[in-house]
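Let me begin by presenting the structure, written as structure tokens, before commenting on it.
Convention: sequence-line order gives letters A, B, ...; per-chain numbering from 1. Only heavy atoms go into these numbers, but all of them, side chains included; no hydrogens, no water, no symmetry mates.
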There are 2 protein chains.
Amino acid sequence: MRLSTKAQYAVRAMVSLNLLHDGQPVNLRDIAKREDLSLPYLEQLFVMLRRNEIVKSIRGPGGGYMPARPAADIRVDEIIDSVEETLVPVACMEKGGKCLCSEQCVTRSVWQGLGERIRDFLASITLEELSREARKKLEGFSGEESLTVRKGKEE
Amino acid sequence: MRLSTKAQYAVRAMVSLNLLHDGQPVNLRDIAKREDLSLPYLEQLFVMLRRNEIVKSIRGPGGGYMPARPAADIRVDEIIDSVEETLVPVACMEKGGKCLCSEQCVTRSVWQGLGERIRDFLASITLEELSREARKKLEGFSGEESLTVRKGKEE
DNA sequence: TTATAATTGACAGAAATACTCAGGTATGAT
DNA sequence: ATCATACCTGAGTATTTCTGTCAATTATAA
């Protein structure tokens, strides 16, 4: 039950992008340095992020990437969707999957519920919140319990 | 973000075991037939389930497996723990992992929260509930919305 | 026109997954 | 005792997925 490192990198890269972004497009090289990732690999990620309209690109000298929308409108689950195929925990339930869901398939409801939980949680966090958190940390405010992870949309 | 098929099989096999169990030990061959799994593979799973005290075994002719405890005391997350290494979504946070969690690691809180959500949800479902559900389905009560997946321990 | 930087697709090594197989061991019935 | 049953174990293997590189192309600003 692991999230691919690709998905993890994508989220981190988006935070970096948002922090570095000040109206000007951000060079991937800078993000690669910050996140200690190879440039070609990062490029691969951003192609996918662009296709999914998470970022937009500006080509040529002085070009680079920037968030396609305000950070408050970019959710973590969207970022992950862009680079990873699925948040659905079992294959047969994927759209296009061939789950007959016959009477034997009693565990379906469990996987379905699990998938909803994962989705809901990741959809409850925005890039804006992560960035705010990152800024707080960078300011040397090395808060021990800086982020109380939100347990749900509302409890 | 996929649950291994091994984990899926384990849960299904446990439901089968519990349904077939009537005080007598259950032959793995029967479960293999029911779930359409190879016997050796199923044996592998049950060795792990036994080590984790989810089931107990009785050797010799007429032997087999039975739940180690009342089904109401067996949680789905325990079953999955037994056969799969982890429910923690990122490697560096595994116990024994080497997450320095320095100030850059702003995404840690997200993965931590996600892991807790997954754990909580799977811990909220017992073998007893799954079995009850299965029986209902088997009785031809092909209820469309037979199981409203519980959204949480309590809301 | 030239340098910069995004864009694309093919490909490869490594690791994890999903099994199979060939035995061994304990137990109850005959 | 011994035999059949059924648990138990570990090695091994094919397949897939993951992770990342490389080479080449296209678009644009200076």
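Residue side chain B:R59 does not reach the base of D:dT5 through any donor-acceptor N/O pair under 3.5 Å, judged by distance alone. Between the base of D:dT21 and the side chain of A:Q44 there is a donor-acceptor pair shorter than 3.5 Å. For a distance-only test at 3.5 Å, the side chain of B:E43 qualifies as a donor-acceptor partner of the base of D:dC8.
Within 4.0 Å (heavy atoms only), B:R50 reaches sugar-phosphate atoms of the nucleic acid but no base atom. A:R2 comes within contact range of no nucleotide atom at all, as no heavy-atom separation falls under 4.0 Å. Here B:Y65 lies in heavy-atom contact (under 4.0 Å) with sugar-phosphate atoms only. Within 4.0 Å (heavy atoms only), A:L37 reaches no atom of the nucleic acid at all.
Between C:dC19 and B:T5, a contact under 4.0 Å exists linking OP1 or OP2 to a side-chain N or O. Taking only side-chain nitrogens and oxygens, A:S4 never comes nearer than 4.0 Å to OP1 or OP2 of D:dC18. Listed pair B:S38 / C:dC19 fails the phosphate criterion, with no side-chain N or O lying under 4.0 Å from OP1 or OP2.
In this structure, A:M48 atom CE and C:dT8 atom C1' are separated by 12 Å, rounded to whole Å. Atom CG in B:L49 sits roughly 13 Å away from atom P in D:dT9 (whole-Å rounding). Protein atom CD of B:Q24 is 14 Å distant from nucleotide atom C1' of C:dG28, rounded to whole Å.
Distance from the side chain of B:Y41 is smallest to C:dT20 among D:dT21, C:dT20, C:dA3. Considering only the side chain of A:S57, C:dA6 comes nearest among D:dC8, C:dA6, C:dT4.
Summarising the geometry, atom CD1 belonging to B:I125 is positioned 9.5 Å from atom CG belonging to B:D77; distances are rounded to the nearest 0.5 Å. One distance of note links CZ of B:F46 with CE of B:M14; it measures 6.0 Å at 0.5 Å rounding.
Residues A:S16 and A:R34 bring a donor and an acceptor atom of their side chains to less than 3.5 Å of each other.
A salt bridge links B:R69 to B:E78: at least one charged side-chain nitrogen sits closer than 4.0 Å to a carboxylate oxygen.
In this structure the side chain of A:S131 reaches within 4.5 angstrom of the side chain of A:L127, judged on heavy atoms.
Each of A:R51 and A:G62 was assigned the nucleotide of DNA chain C with the nearest heavy atom; the assignment lying further toward the 5' end belongs to A:G62.
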